[in-house]
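Input: a single structure, listed below in C-alpha cells.
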Amino acid sequence: MNGPLSVATIVVALVLAAWLLLRAALNRAPSRFDLLATAVLGALVAVLVLVAVVGLFGDHRPSDTPTFGGYLITTIAFAPTAIYLARMEPTRWGNLILGVACLVLPVLVLRLQQIASVTVA
Amino acid sequence: MPDSPARTRPVDAALHTGLGRVLLFIYGVFALSASARALVQILSKFDEAPLAYLLSALAGVVYIAATVGLAIGGERGRRIALVSCSIELIGVLVVGTLSVADAVAFPDDTVWSRFGSGYGYVPLVLPFFGLGWIWKHRPTQPETRDDNA
C-alpha cells in the first residue's frame with residue numbers, strides 16, 4: 001500500500017485538482033480533456049485498489065479489515081461518481097466537483113495507508 | 001397536460017444550481033464518511049468509548065439531514081437544513097473544545113474531535129457554508145415590507 005503507485009496516485013490527483021480548480025476559477029465547463037484526465041486518475045486509483053485487494057489475501061492483512069474494505073469501496077467509486085455528477089453539471093461547477101473529488105482522493109489514499117500499516121501478522 | 005399538477009422543485013433547492021450541487025456533493029461525502037465511521041465503531045468496539053461513538057452516529061445523522069434538507073429546499077427543507085446545520089456548528093465547536101480540554105472522555109476520534117482536524121477542518125467550515133446558503137436563499141417577504149426594518 002505504501003509503494004510508488006500510491007505516491008504517483010496522490011501526485012497525479014493533486015496536480016489534476018489544481019488544474020480543475022483553475023478551470024473552474026476561469027469559468028470553464030468540464031471539457032472532454034478534463035473528464036478524460038479524471039477518468040485516467042480513476043483508472044490509476046482502480047489499479048491501486050486492485051493491488052490492495054490482492055494484498056488482503058497475503059500475509060499482512062490490515063487488522064481493521066472492515067474499515068479497510070469500506071475505504072477501498074469508497075475510493076474506487078469516487079472518481080466515477082464525480083465524473084457522473086460533473087457530466088450532469090456542464091458549467092464551471094462541474095469542474096469544481098471534479099476538483100474537489102481530486103482533493104479528497106489523496107486523503108482517502110493516505111487513510112488507506114494508515115489503516116494498512118496496522119497489520120495482523 | 002391539465003390533469004396532473006406539475007411537480008416542481010422549490011427554487012431554493014440546492015439541486016437547482018451548480019454551486020449548490022457542489023455543496024451537496026461535499027455534504028454527501030461527509031454524510032457518508034461520518035455515518036460509515038460511526039457504524040464501524042459501534043459495531044466493532046462500542047464499549048471502548050460509547051460517548052464518542054454515539055456522537056459519531058449523531059454527526060452522521062445530522063450530515064444526512066443537512067444534505068437532504070439543502071437538496072429538497074422549500075419551507076420544510078429550509079427548516080431541516082437550518083436545524084441540522086446549526087447542530088453541526090454547535091457540535092463541532094462543543095465537541096472540538098471538549099476533545100481538546102478533556103482528551104480522556106474522547107479517546108477515539110469523531111468527525112468533530114479537535115474541530116475536525118482529522119478531516120482537514122472541513123467539518124468546522126462546512127456549517128458556515130450551509131448556513132450561508134440558507135441565508136442567501138431566504139424567502140423574500142411578499143408582504144408590505146418595503147423598508148428594511
Side-chain angles (χ1 to χ4, degrees), chain A residues 10 13-14 17 20-21 23-25 27-30 38 62-115 118 120, chain B residues 9 13-46 48-49 52-53 56-57 60 63-64 67 70-71 107-111 113 116-126 129-130 132-133 136-137:
Chain A
I10 291 173
L14 289 177
L20 292 166
L21 294 181
R23 295 268 300 160
N27 200 2
R28 299 287 195 282
T38 314
S63 56
D64 198 352
T65 312
T67 308
F68 193 69
Y71 268 96
L72 284 178
I73 295 170
T74 312
T75 307
I76 202 169
F78 221 79
T81 308
I83 292 172
Y84 175 73
L85 291 174
R87 282 176 61 96
M88 291 200 305
E89 184 61 40
T91 66
R92 71 193 309 183
W93 308 116
N95 265 331
L96 188 56
I97 289 177
L98 292 178
V100 169
C102 289
L103 281 182
V104 176
L105 269 171
V107 178
L108 288 171
V109 174
L110 287 176
R111 272 296 286 164
L112 279 171
Q113 287 182 339
Q114 246 178 37
I115 302 166
V118 185
V120 283
Chain B
R9 223 174 250 137
L15 267 179
H16 258 312
T17 67
L19 182 59
R21 287 173 182 171
V22 177
L23 190 64
L24 282 181
F25 177 61
I26 299 173
Y27 258 103
V29 170
F30 269 84
L32 176 73
S33 59
S35 45
R37 171 173 221 164
L39 195 67
V40 170
Q41 286 174 331
I42 287 176
L43 288 182
S44 63
K45 45 183 181 176
F46 183 66
E48 283 176 28
Y53 299 158
S56 273
Y63 279 114
I64 293 171
T67 311
L70 287 171
D108 210 350
D109 274 353
T110 72
V111 271
S113 298
S117 69
Y119 291 79
Y121 295 101
V122 176
L124 182 59
V125 182
L126 207 48
F129 280 97
W133 176 272
K136 199 178 142 209
H137 294 84

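Values in this document were obtained by computation on a predicted structure and should not be read as measured data.
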> So what's closer than 4.5 Å to chain A heavy atoms on B:L32: side chain, backbone, both or neither?
Replying inline: side chain
>> To the nearest 0.5 Å, what is the distance between CG on A:L96 and CZ on B:F25?
In response: 10.0 Å
>> If I measure from the heavy atoms of chain A, does B:V22 come under 4.5 Å with its side chain, its backbone, both, or neither?
In response: both
> Any side-chain heavy atom of B:V29 sitting closer than 4.5 Å to one from A:F78?
Replying inline: yes
>> Counting only non-hydrogen atoms closer than 4.5 Å, does A:I97 touch chain B with its backbone (N, CA, C, O), its side chain (CB onward), both, or neither?
In response: both
> Which value, rounded to the nearest 0.5 Å, describes the distance between B:I26 atom CD1 and A:L103 atom CG?
Replying inline: 9.5 Å
> Checking A:A86 against chain B: side chain, backbone, both or neither under 4.5 Å from a heavy atom?
Replying inline: neither
> Picking from A:T91, A:D64, A:V100, which has the most non-hydrogen pairs under 4.5 angstrom with chain B?
Replying inline: A:V100
> Between A:M88 and B:R21, which heavy-atom pair has the shortest distance, and what is it?
Replying inline: O-NH1, 3.6 Å
> What distance separates A:E89 CD from B:L19 CG, expressed to the nearest 0.5 Å?
Replying inline: 9.5 Å
